[in-house]
Number of protein chains: 2
Amino acid sequence: MVTSEQVARLAGVSRATVSRALNGSPRVSAEARKRIQEAIASLGYEPDVVAQSLVRQRSRTIALCLFYGDRKSTVFSSFGETQHYFYLDMLRDVEQEIAAAHYDLLLPSSPYAQKNYVRSLQMRHVAGIIAVAMNPADARIKALLEAAIPTVFIDSISQGKNSTYVTSDNLEGSRQATEHLIQLGHQRIVTLISGTDGPIGSARLTGYRQALQQAGLPIDDQLIYPSGWNTEEAYQTTLTLLQERQPRDFTAIVAGSDLMAIGVLRALHQHGLRVPGDVSVVGFDDVNLCRYTEPPLTTIRQNRAAMVQAAVQRLISMIESEDEQHASGLPPIITPIELVMRESTGPVTLPDQA
Amino acid sequence: MVTSEQVARLAGVSRATVSRALNGSPRVSAEARKRIQEAIASLGYEPDVVAQSLVRQRSRTIALCLFYGDRKSTVFSSFGETQHYFYLDMLRDVEQEIAAAHYDLLLPSSPYAQKNYVRSLQMRHVAGIIAVAMNPADARIKALLEAAIPTVFIDSISQGKNSTYVTSDNLEGSRQATEHLIQLGHQRIVTLISGTDGPIGSARLTGYRQALQQAGLPIDDQLIYPSGWNTEEAYQTTLTLLQERQPRDFTAIVAGSDLMAIGVLRALHQHGLRVPGDVSVVGFDDVNLCRYTEPPLTTIRQNRAAMVQAAVQRLISMIESEDEQHASGLPPIITPIELVMRESTGPVTLPDQA
DNA sequence: CTGAAAGCGCTTACAG
DNA sequence: CTGAAAGCGCTTACAG
């Protein structure tokens with residue numbers, strides 16, 4: 001392995017000077033700098049990042065952490081489930097943004113131990129953390145907030161000394177989805193909603209209610225069907241719904257996510273109901289797959305790129321602004337959403353027309 | 001930060017002894033060991049992995065590398081594309097297996113520089129590499145093979161001093177898919193195939209041909225439709241196919257992947273063709289989504305868990321068997337596949353019956 | 001502008 | 001079984 005020592009020798013300077021040149025210190029003569037460059041090139045030198053991390057007490061590494069359920073779940077064991085394809089699509093941008101800032105992404109093999117969890121991250125000298133906390137009650141989160149490692153949460157309302165969060169305007173998204181249906185003449189609108197005890201689910205439920213209210217429509221809580229986030233549960237829930245209700249008792253469904261909508265579509269199809277002829281369906285997220293469902297899915301697009309960009313930028317700036325802790329907590333970032341109309345929604349057809 | 005120094009002091013021993021106790025050396029008295037354990041517990045000590053990496057010249061980190069196209073593509077920028085959902089599903093297992101072995105997963109922010117690529121991995125002291133090389137021509141791969149960092153490739157035929165690969169039995173999978181259709185009475189079977197210049201695509205094409213041959217059916221190269229791996233291209237290709245050919249000129253389609261099959265289904269549906277009534281369709285991979293397509297997709301299941309387990313186990317054993325290089329190259333691992341019958345395939349309906 | 005020296009937190013021969 | 005010492009490859013006050 002070629003070290004800075006060898007570069008120094010070849011360039012006829014000390015290791016200190018090599019280090020300065022490498023780190024862009026102004027206190028290096030043009031001459032020395034040039035010789036060092038040459039030596040580096042001819043030796044193919046690359047600094048040892050591990051040694052750098054040790055002495056700087058900080059690595060150029062950002063950890064991606066996930067809190068999901070209280071099982072020993074890893075990042076992908078959760079994202080890999082279909083209901084989280086949305087987050088998966090985000091990871092692309094996460095990685096890209098982080099790489100662009102010249103940080104590595106680390107997926108720690110975190111043991112579930114609550115105490116050692118934070119400590120082990122500290123011992124890895126991670127510069128910061130991008131965290132997705134699907135289960136906000138996870139004890140590790142509190143520890144993380146206290147530890148004051150720069151952290152940006154995605155989709156979970158956690159703030160601390162050195163942490164903040166970014167999330168879509170879920171309320172507004174759900175409101176627009178519902179409003180869209182109302183404008184098409186729908187009045188009896190079912191919502192299949194998940195995680196109403198969490199920030200995402202509850203915001204979406206509120207948006208649904210708000211839209212009805214704004215339109216002066218009655219809110220029938222019986223039309224609110226709790227369901228899991230995943231395709232299978234949404235499918236089962238829809239089956240139950242179809243068993244419980246007469247065909248004309250509702251004319252539209254707002255699904256909590258696209259993957260849930262896929263389950264909804266399948267159940268409707270099995271019952272011989274046409275979409276949007278008999279029932280209109282709206283998803284949420286705008287996952288890639290929406291274009292290929294039958295029919296293509298009208299949905300609420302979350303601006304993943306904007307979310308991630310905001311998250312990473314904020315994180316980097318927290319990291320690089322050094323120890324300056326924001327005791328008050330940093331303001332969260334709410335990114336805008338957008339209604340994407342495809343073919344799963346249409347005007348309501350009145351019973352007599354049917 | 002609490003260091004081994006403090007543990008040593010509290011336990012009344014030297015740092016060397018603490019280190020030995022920590023690393024399970026037998027050369028520590030039961031007494032000392034006990035005091036050290038107590039000190040560790042009371043101080044909440046956790047060793048600094050960065051310092052360990054420096055002195056051991058190796059970190060407990062495995063890099064996940066991806067070679068895809070010649071663009072500056074990151075792991076997820078490629079896996080995030082729908083055509084690679086298959087690999088995404090694998091990552092879950094990759095992470096799990098790696099975590100189980102107490103290694104961290106690193107996604108390096110690899111600059112595209114070919115030379116520094118390997119060097120930068122070396123400088124991160126990664127213990128080993130899991131590599132997915134969709135573009136086997138990528139120059140970085142050769143460099144990697146030469147560098148002899150323990151590496152296991154997934155789905156690409158690359159072997160070197162300290163590297164091998166794991167892949168499904170693609171040929172057999174494709175052969176079984178085709179054979180399944182033949183047994184249902186199909187004779188004119190189209191295949192939408194991708195990457196026939198690569199190991200996966202070519203193996204699958206061979207399997208298709210082999211099945212026809214074994215059944216004594218003629219091989220009509222006109223029925224082989226090249227296409228990209230993604231849904232959109234498969235959709236377009238199917239549209240072309242439907243324009244070029246009479247409805248009865250073929251009765252089944254073997255798609256190169258499930259995501260391609262989704263595009264196929266959509267195109268068929270748009271043309272008013274029923275599946276499997278008019279055309280049978282088989283996918284490849286058995287992605288989660290297959291259960292929710294319309295109709296649920298018959299496909300070839302790749303045993304992702306087995307692939308990953310084999311890959312990680314092999315990698316770890318390469319890492320831990322130390323420098324013992326296998327000049328001859330290690331044998332590759334071929335994992336078995338399985339035909340999963342769902343509802344997108346059915347017996348051929350003869351023209352006169354139609 | 002530059003170098004000698006100390007130090008980051010650990011491990012590991014080497015002696016005992 | 002244990003400790004003092006050297007060392008992993010770098011950075012950074014401190015002097016000059």
Side-chain angles (χ1 to χ4, degrees), chain A residues 1-37 39-40 43-61 116 119-127 322-323, chain B residues 1-37 39-40 43-61 116 119-127 322-323:
Chain A
M1 181 155 66
V2 29
T3 70
S4 69
E5 172 73 48
Q6 297 170 46
V7 173
R9 210 144 44 202
L10 185 57
V13 295
S14 71
R15 289 189 302 156
T17 304
V18 171
S19 175
R20 290 195 194 94
L22 231 44
N23 296 299
S25 158
R27 317 223 131 282
V28 179
S29 69
E31 225 181 324
R33 195 181 298 279
K34 180 156 162 284
R35 285 207 310 276
I36 292 170
Q37 300 295 359
I40 288 176
L43 293 172
Y45 170 75
E46 188 89 357
D48 186 308
V49 296
V50 170
Q52 289 180 322
S53 301
L54 181 62
V55 62
R56 290 178 180 156
Q57 291 291 75
R58 171 180 290 166
S59 73
R60 281 195 87 82
T61 295
N116 293 102
R119 255 213 150 63
S120 76
L121 288 175
Q122 286 173 326
M123 292 303 84
R124 282 163 173 80
H125 293 281
V126 301
E322 292 300 323
D323 342 61
Chain B
M1 183 155 69
V2 30
T3 70
S4 69
E5 172 73 48
Q6 298 170 45
V7 174
R9 210 143 44 199
L10 184 58
V13 296
S14 71
R15 291 188 301 155
T17 304
V18 172
S19 175
R20 289 197 194 92
L22 232 44
N23 296 299
S25 159
R27 317 223 134 282
V28 179
S29 68
E31 222 182 323
R33 196 181 297 279
K34 180 156 162 282
R35 287 206 310 277
I36 292 170
Q37 299 295 359
I40 288 177
L43 294 172
Y45 171 74
E46 188 89 356
D48 186 310
V49 296
V50 170
Q52 289 180 322
S53 301
L54 182 62
V55 61
R56 291 178 178 156
Q57 291 292 74
R58 170 179 293 166
S59 72
R60 280 195 90 82
T61 297
N116 293 99
R119 257 211 149 64
S120 75
L121 287 174
Q122 286 173 327
M123 292 304 84
R124 282 164 173 79
H125 293 280
V126 302
E322 293 298 324
D323 340 63

Find the distance between CG (Asn23(B)) and CZ (Arg56(B)) and round it off to the nearest 0.5 Å. 5.0 Å
How many angstroms lie between atom CD of Glu46(A) and atom CE of Met1(A), to the nearest 0.5 angstrom? 12.0 Å
What is the minimum heavy-atom distance between Leu43(B) and Arg119(A), and which atoms define it? O-NH2, 4.2 Å
DNA chain D: Arg56(B) or Gly12(B), which has the more 5' nearest nucleotide? Gly12(B)
How close do Ala32(B) and Val28(B) get, counting heavy atoms only, and between which atoms? CB-CG1, 4.0 Å
Numerically ordered, the residues 22-30 of chain A set in heavy-atom contact under 4.0 Å with DNA chain C is Pro26(A), Arg27(A), Val28(A), Ser29(A)
Mind running a 4.0 Å heavy-atom check of residues 13-21 of chain A against DNA chain D and sending the residues that fall below it, in number order? Arg15(A), Ala16(A), Ser19(A), Arg20(A)
How would you list, by chain and number, every residue that makes a side-chain hydrogen bond (donor to acceptor under 3.5 Å, both in side chains) with Thr3(B), sequence neighbours excluded? none
Evaluate Arg35(B) against Val13(B) for side chain to side chain contact (heavy atoms under 4.5 Å, CB included), listing each step before the verdict. CA-CA 9 Å; Arg35(B) 287 206 310 277; Val13(B) 296; 3.6 Å; yes
Nearest-0.5 Å distance that lies between atom OG in Ser29(A) and atom CZ in Arg27(A): 12.0 Å
Could you give the distance from OG (Ser59(B)) to NE2 (His125(B)), rounded to the nearest 0.5 Å? 8.0 Å
Only one of Val55(B), Thr61(B), Val50(B) passes side chain to side chain contact (heavy atoms under 4.5 Å, CB included) with Val50(A), and that residue is Val50(B)
Contact boundaries on DNA chain C for chain A, cut-off under 4.0 Å to non-hydrogen atoms: dC1(C) to dG9(C)
Counting Watson-Crick and G-U wobble pairs with both distances under 3.5 Å, what is the dot-bracket string for DNA chain C, 5' to 3', using [ ] for crossing pairs and | for pairs to another strand? |||.||||||||.|||
Can you name the nearest heavy-atom pair linking Ser14(A) to Ala8(A), along with the distance? C-CB, 3.7 Å
Gly44(B) and Val2(B) have their tightest heavy-atom pair at O-CG1, 4.1 Å
Hits for salt bridge (Lys or Arg N to Asp or Glu O under 4.0 Å) against Arg15(A), two or more places apart or cross-chain, chain-then-number order -> Glu5(A)
Under the side chain to side chain contact (heavy atoms under 4.5 Å, CB included) criterion, do Ile40(A) and Leu22(A) qualify, and how do the steps go? CA-CA 10 Å; Ile40(A) 288 176; Leu22(A) 231 44; 3.4 Å; yes
The residue, Arg33(A) or Thr3(B), whose nearest nucleotide of DNA chain C is more 5′ is Arg33(A)
Taking the P atom of each, how far is dA6(C) from dT2(C), in whole Å? 23 Å
Between dA13(D) and dG9(D), how far apart are the P atoms? Round to whole Å, please. 23 Å
